[in-house]
Amino acid sequence: MLHLKKTKKRLPKAIIVGVRKAGTRALLEMLNLHPKIAKASSEVHFFDIAENYEKGLDWYRHQMPYSYADQITIEKSPAYFITEETPQRIYQMNNTMKLLLIVRDPTERAISDYTQIYSHKQEKNKNYDRFEDLALDPETKEVNTHYKAIRTSVYHRHMSQWLKYFPLEQICVVDGDKLVKDPLPELQRVETFLGLERYLSNKNLYYNASRGFYCLRNDTMNKCLSDSKGRQHPDVDPKVIAKLHHYSAT
Ligand SMILES: Nc1ncnc2c1ncn2[C@@H]1O[C@H](COP(=O)(O)OS(=O)(=O)O)[C@@H](OP(=O)(O)O)[C@H]1O
């Protein structure tokens with residue numbers, strides 16, 4: 001009881017705003033190994049879903065974990081990054097909010113996004129188009145810039161909305177490809193950005209060869225992320241990949 005008295009639900013001081021399929025869950029879970037971080041377990045979707053936003057800040061606070069005064073509450077909702085209203089809404093709540101954005105090679109991210117939807121369709125025994133057929137315009141055979149998985153990967157377009165409200169110093173961009181290969185340096189950059197003492201070390205991370213990813217450990221547990229992370233991507237026609245790479249680079 002005494003313990004509970006010291007804790008309460010607090011609004012986040014940092015938010016992982018996206019990008020979907022870039023490693024948002026890995027980033028949140030890894031940061032949560034730090035004793036000064038308290039994470040909201042599920043995606044809250046407060047700022048991007050009108051129905052939730054209308055419930056107000058008390059509702060939002062209620063979705064947060066209990067935390068001590070010296071902890072940083074953090075939530076992740078990857079759809080925030082691409083939802084136009086979100087930057088202004090976060091700014092209105094707290095213009096000192098620290099924003100974390102994790103990105104990944106845009107073409108790989110688009111294929112990962114496709115793979116998630118494909119896998120959900122398969123679970124329901126539904127057919128789904130090939131990635132190539134969605135990613136290219138059926139007539140011109142050029143990149144289909146209307147396809148959502150491709151639009152989401154145009155990071156600079158979404159970023160410009162955030163920069164209308166927040167200075168770059170308030171946005172920490174994490175390299176999702178580096179977080180997969182060698183997570184600690186990325187995590188240490190985030191610790192510094194959040195004003196936290198260095199705590200995370202290689203003791204908190206171990207490579208699991210069968211998963212092909214780093215997994216997490218502290219004094220009481222060790223765990224890998226769920227199987228929905230690290231799905232096998234389809235073999236995509238290299239010509240389509242080349243077109244997408246070219247599109248991202250221009
Ligand atoms: N340590 C570790 N373990 C497992 N997975 C890891 C890890 N680090 C990064 N990733 C990558 O995270 C990708 C999923 O990204 P998100 O968590 O942002 O997806 S989601 O938007 O919340 O659905 C997921 O993408 P896919 O491989 O395409 O499934 C992973 O590559």
Side-chain angles (χ1 to χ4, degrees), residues 14-34 37 39-49 63 74-83 86 99-123 128 131 134-135 148-155 158 172-190 200-218 221-236 241 244 248:
I15 302 179
I16 299 172
V17 296
V19 181
R20 175 182 153 87
K21 304 317 296 176
T24 55
R25 174 58 60 187
L27 179 60
L28 182 70
E29 298 297 330
M30 288 173 180
L31 288 176
N32 195 52
L33 294 167
H34 196 297
I37 298 265
K39 63 153 190 180
S41 299
S42 28
E43 293 180 10
V44 183
H45 288 283
F46 177 61
F47 297 103
D48 61 312
I49 296 184
Q63 310 313 306
I74 179 163
E75 72 124 330
K76 78 114 176 164
S77 296
Y80 288 166
F81 184 58
I82 59 159
T83 308
T86 301
L99 303 169
L100 293 164
L101 173 68
I102 178 164
V103 294
R104 161 184 196 183
D105 173 84
T107 303
E108 282 297 311
R109 198 221 63 81
I111 296 171
S112 174
D113 202 329
Y114 165 86
T115 306
Q116 165 146 315
I117 295 167
Y118 176 84
S119 141
H120 290 162
K121 297 271 181 195
Q122 261 199 333
E123 281 161 19
Y128 196 47
F131 177 78
L134 297 167
K148 192 171 178 190
I150 288 174
R151 276 193 290 125
T152 300
S153 284
V154 185
Y155 304 141
H158 307 291
C172 178
V173 181
V174 176
D175 183 328
D177 295 308
K178 286 190 184 158
L179 195 82
V180 170
K181 289 189 204 113
D182 184 16
L184 190 60
E186 287 307 280
L187 296 171
Q188 289 178 331
R189 269 197 324 111
V190 177
L200 297 172
S201 76
N202 276 326
K203 287 189 202 133
N204 299 113
L205 303 158
Y206 64 97
Y207 188 72
N208 179 318
S210 59
R211 290 297 310 274
F213 287 107
Y214 278 88
C215 298
L216 290 65
R217 140 169 87 206
N218 65 15
M221 63 93 202
N222 63 65
K223 68 168 184 183
C224 298
L225 299 196
S226 78
D227 289 345
S228 68
K229 309 294 175 185
R231 291 188 181 99
Q232 189 169 3
H233 293 184
D235 287 328
V236 175
I241 302 263
L244 290 171
S248 306

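Counting starts at 1 for both ligands and their atoms, following the listed order.
With a 4.0 Å cut-off on non-hydrogen atoms, Ala22 touches ligand 1 through its backbone and not its side chain. When non-hydrogen atoms are compared, ligand 1 lies under 4.0 Å from the backbone of Thr24 as well as from its side chain. Counting heavy atoms closer than 4.0 Å to ligand 1, residue Arg104 contributes side-chain atoms (C-beta onward) but none from N, CA, C or O.
Although no hydrogens or angles enter the test, the distance criterion places no donor-acceptor pair under 3.5 Å between the side chain of Arg151 and the main chain of Ile82.
Every atom of ligand 1 with a heavy atom of Glu43 under 4.0 Å away is listed here by number and element: 22 (O). Below 4.0 Å from some heavy atom of Arg20 lie the following atoms of ligand 1, by number and element: 21 (O). Taking a cut-off of under 4.0 Å to the non-hydrogen atoms of Met30, the atoms of ligand 1 that pass are 1 (N).
Residue Tyr207 holds its OH atom at 11.0 Å from SG of Cys224, rounded to the nearest 0.5 Å. Thr86 contributes atom OG1, which lies 10.5 Å from atom NE2 of His45 (distance to the nearest 0.5 angstrom). Of the inter-residue distances, the one linking Tyr114 atom OH with Ile150 atom CD1 reads 12.0 Å to the nearest 0.5 angstrom. Rounding to the nearest 0.5 angstrom, the gap separating the CG atom in Asn208 from the CG atom in Leu216 is 11.5 Å.
With contacts defined as side-chain heavy-atom distances shorter than 4.5 Å, the pair Tyr155/Pro106 qualifies. Side-chain contact between Leu31 and Leu100 is present, with at least one heavy-atom pair separated by less than 4.5 Å.
Between Gly23 and ligand 1, at least one pair of N/O atoms sits closer than 3.5 Å. An N or O contact shorter than 3.5 Å links Ser112 to ligand 1 by distance. Not one N or O of Val180 is nearer than 3.5 Å to an N or O of ligand 1, by distance alone.
Of the protein's heavy atoms, Tyr214 O, 2.9 Å lies nearest to atom 1 (N) of ligand 1. Distance from atom 27 (O) of ligand 1 to its nearest protein heavy atom, with residue and atom name: Gly230 CA, 3.2 Å. In terms of protein heavy-atom proximity, atom 8 (N) of ligand 1 is closest to Ala26 CB, 3.3 Å. Looking only at protein heavy atoms, the nearest one to atom 21 (O) of ligand 1 is Lys21 N, 2.9 Å.
Assignment of Glu108 to the shell around ligand 1 is not supported, since no heavy atom sits closer than 4.0 Å. For Lys76, the heavy-atom gap to ligand 1 drops under 4.0 angstrom.
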Identify each donor-acceptor pair in which a side-chain atom of residues 21-29 lies under 3.5 Å from a protein atom, sequence neighbours left out, and give them as a table.
from: Lys21; atom 1: NZ; to: Gln116; atom 2: OE1; distance (Å): 2.7
from: Thr24; atom 1: OG1; to: Lys76; atom 2: NZ; distance (Å): 2.9
from: Arg25; atom 1: NH1; to: Glu29; atom 2: OE2; distance (Å): 2.8
from: Arg25; atom 1: NH1; to: Ser41; atom 2: O; distance (Å): 3.2
from: Arg25; atom 1: NH2; to: Ser41; atom 2: O; distance (Å): 3.1
from: Glu29; atom 1: OE1; to: Lys39; atom 2: NZ; distance (Å): 2.9
from: Glu29; atom 1: OE1; to: Lys223; atom 2: NZ; distance (Å): 2.8
from: Glu29; atom 1: OE2; to: Lys39; atom 2: NZ; distance (Å): 3.0

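Between Gln188 and Leu200, the closest heavy-atom pair is NE2-O, 4.0 Å. Taking every heavy atom of both residues into account, Tyr80 and Glu75 meet most closely at OH-OE2, 2.7 Å.
If you check each of Tyr114, Phe213, Tyr207 against atom 7 (C) of ligand 1, the one with the closest non-hydrogen atom is Phe213. When the options His233, Arg25, Gln232 are ranked by their closest heavy atom to atom 28 (O) of ligand 1, first place goes to His233. For the residues Gln116, Arg231, Lys229, the heavy atom positioned nearest atom 20 (S) of ligand 1 is part of Lys229.
By the salt bridge (Lys or Arg N to Asp or Glu O under 4.0 Å) test, Arg231 is found to be paired with no residue, residues two or more places apart in sequence or in another chain being considered.
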